[in-house]
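Here is the structure we will look at.
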Amino acid sequence: MFSRRTSRINTVILFIVVAIVLLIFLGAQPRTSAQKTIQFHHTNGEIGDQLFSLFSHIGVARTIGRIPTINTVNNSQLIEQLSQVVVVRFPSILQQFSIVIQPPTPVNGHLGSDNNSYEDPLQIFSEYATFSIMVEGNGFKSFKYFDHLRKEIRLWMLGNAENVQEAKNLLSESLRDNFKICVHTTTETEGNATIKATSRLLNHYLKEVDRLMLVVSTTDPKISRRVFQDPRISKYDIETFSLINSPPELQLTFSRIYCDVVFMTSAYSSFGWWMGYLSKKEDSHVFYFDPEVFPESKKTNPKDYFPPQWKKISKKVV
């Protein structure tokens, strides 16, 4: 009993310390009584899910003219997660928010539904006169909430100078100028289809560039070895590189700096999505498997999820 009570006390102390550090680090500005705010109910998850939620929060706030606010009491676990990665590598993200410690805010607004990832925030919140809106949603998995901030987001996701340099140093100087096709794949994606589609991409781009590198992002080293060693890939005179030993947040910066083309084999992987959205140039080519080829349980409207300029690889290819 005593050990459990001690554990709870330590957890509370840790939360308070993290919240105070965030407030000091971010230099939260005092809010005047005239400034209306909007909070989001952020759920914990992988970094890709967190970015959807955070950037949607900022985008919606900008759209409706409110201050994006994070109440540490409502989002204690999220704050703890963010303090370990986002604050360290991408400090500009949380600097867009007003961080406060106040009593829990009840939910009084919703965005998104089971069938629609996106709902127009202007239509939803135009009649709200309350000082603070607390929004609950279905994950906010739509670029439409924040695409008007894309230039800023791409700048924020470069991170601090140390993060940029660490990402650059993943490749030797002799390989940094190679044209790079970055493939994000998961254990859920059928391997033969991934290799077949990747081979076609290599064949296409080798007609346009002389020096090409194939980069694989995956959590399973067996997958990257299988891709690189398959005869349909090894027949090409290219460089290969695996991001298996790099943390996810560094892989996103790698994509931002290096990836000329991104191919996401698991269509609804939020991490793969962000590799595409943050690729080297705003008009970089991004490919994804037709979600109908590999049905997944996640309910997301493709028109809300995939930017229209991204290219779907159809059943005919695989």
Side-chain angles (χ1 to χ4, degrees), residues 45-49 51-52 56 112-119 138-147 150 179-208 212 214-220 222-224 226-228 230 232-233 236 243 248 251-252 255 259-318:
E46 302 296 329
I47 186 170
D49 298 326
L51 292 178
F52 266 112
S56 292
S113 64
D114 288 342
N115 298 319
N116 292 298
S117 310
Y118 174 80
E119 289 184 309
N138 61 352
F140 313 106
K141 297 290 182 64
S142 176
F143 70 97
K144 296 177 181 178
Y145 287 125
F146 51 76
D147 201 43
R150 189 176 185 189
F179 187 90
K180 297 169 188 67
I181 297 178
C182 299
V183 177
H184 176 262
T185 187
T186 69
T187 55
E188 299 173 352
T189 308
E190 200 278 313
N192 183 63
T194 295
I195 292 172
K196 185 176 181 180
T198 300
S199 179
R200 293 198 175 193
L201 288 175
L202 291 173
N203 183 65
H204 171 77
Y205 284 101
L206 279 170
K207 297 175 182 177
E208 301 178 0
L212 191 148
L214 175 62
V215 179
V216 172
S217 166
T218 181
T219 58
D220 187 346
K222 294 180 181 178
I223 293 178
S224 56
R226 180 182 176 186
V227 171
F228 294 149
D230 190 280
R232 289 167 290 181
I233 303 298
Y236 294 109
L243 289 167
Q251 293 188 39
L252 292 178
S255 181
C259 292
D260 298 284
V261 172
V262 172
F263 171 33
M264 42 190 288
T265 68
S266 182
Y268 288 120
S269 163
S270 61
F271 184 80
W273 191 97
W274 281 104
M275 284 193 71
Y277 195 74
L278 297 171
S279 49
K280 188 174 179 179
K281 298 179 180 179
E282 287 193 37
D283 60 352
S284 291
H285 292 172
V286 179
F287 298 87
Y288 62 94
F289 270 142
D290 184 343
E292 294 182 3
V293 178
F294 305 104
E296 301 185 42
S297 60
K298 299 178 182 178
K299 295 181 180 179
T300 305
N301 187 331
K303 293 182 179 179
D304 294 334
Y305 188 71
F306 300 107
Q309 68 272 23
W310 289 13
K311 303 177 186 299
K312 178 169 63 178
I313 296 181
S314 68
K315 293 181 179 180
K316 294 181 180 180
V317 174
V318 297

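What you are looking at is a predicted structure, and each value in this text was computed from that prediction instead of being measured.
Residues Lys141 and Asp304 are not paired through a salt bridge, judged by the lack of any N-O separation under 4.0 Å between the basic side chain and the carboxylate. With respect to Lys280 and Asp260, a salt bridge is recorded, a charged nitrogen being found less than 4.0 Å from a carboxylate O.
Annotation: Glu46, atom CD; neighbour count of heavy atoms from other residues, nucleotides and ligands within 6.0 Å does not exceed 12. Sparse packing is recorded around NZ of Lys312, with 12 or fewer heavy atoms of other residues, nucleotides or ligands lying under 6.0 Å away.
Ring centroids of Phe146 and Phe140 are separated by 6.0 Å or more, keeping the two rings apart.
Within the 3.5 Å criterion, the main-chain N or O of Met275 finds a donor-acceptor partner in the side chain of Ser255. A donor-acceptor distance shorter than 3.5 angstrom exists from the side chain of Thr198 to the backbone of Thr194, with no hydrogens or angles considered. A distance-only check finds no donor-acceptor pair linking the side chain of Tyr277 to the backbone of Arg150 [under 3.5 Å]. Checked by atom type and distance alone, the side chain of Gln309 never pairs as donor or acceptor with a backbone atom of Asp283 at under 3.5 Å. Looking only at distances, a side-chain donor or acceptor of Ser279 sits under 3.5 Å from a matching main-chain atom of Gly276. Between the side chain of Ser117 and the main chain of Asn301, a donor-acceptor pair closer than 3.5 Å is present.
The salt bridge (Lys or Arg N to Asp or Glu O under 4.0 Å) check on Asp147 picks up nothing, with sequence neighbours excluded. Legend: residues meeting side-chain contact (heavy atoms from CB on, under 4.5 Å) with Asp220, ordered by chain and number and at least two apart, are Thr187, Thr218, Lys222, Ile223.
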| query | Can you list the steps and then say if Ile181 with Leu212 is a side chain to side chain contact (heavy atoms under 4.5 Å, CB included)? | reply | CA-CA 8 Å; Ile181 297 178; Leu212 191 148; 4.0 Å; yes

| Residues Phe52, Trp274; criterion ring-ring contact (aromatic ring centres under 6.0 Å, His included); working and verdict | CA-CA 9 Å; Phe52 266 112; Trp274 281 104; 5.3 Å; yes

| task | Report the C-alpha separation of Leu243 and Val216 in whole Å, then their side-chain angles, then the decisive distance to 0.1 Å, and conclude whether the side chain to side chain contact (heavy atoms under 4.5 Å, CB included) test is met. | result | CA-CA 6 Å; Leu243 289 167; Val216 172; over 6 Å; no

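At a threshold of 4.5 Å between non-hydrogen side-chain atoms, the residues Tyr236 and Ser199 count as touching.
Of the listed residues (Trp310, Phe289, Tyr288), just one forms a ring pair (Phe, Tyr, Trp, His ring centres under 6.0 Å) with Phe263, and that residue is Phe289.
For the residue pair Asp290/Ser314, the side-chain donor-acceptor check at 3.5 Å is not satisfied. Side-chain contact annotation: Asn192 with Arg232, donor-acceptor N/O pair under 3.5 Å present.
Ring geometry for Tyr205 versus Phe287: interplanar angle over 60°, hence perpendicular rather than tilted (30 to 60°).
The OG1 atom of Thr186 sits 10.0 Å away from the CE atom of Met264 when rounded to the nearest 0.5 Å.
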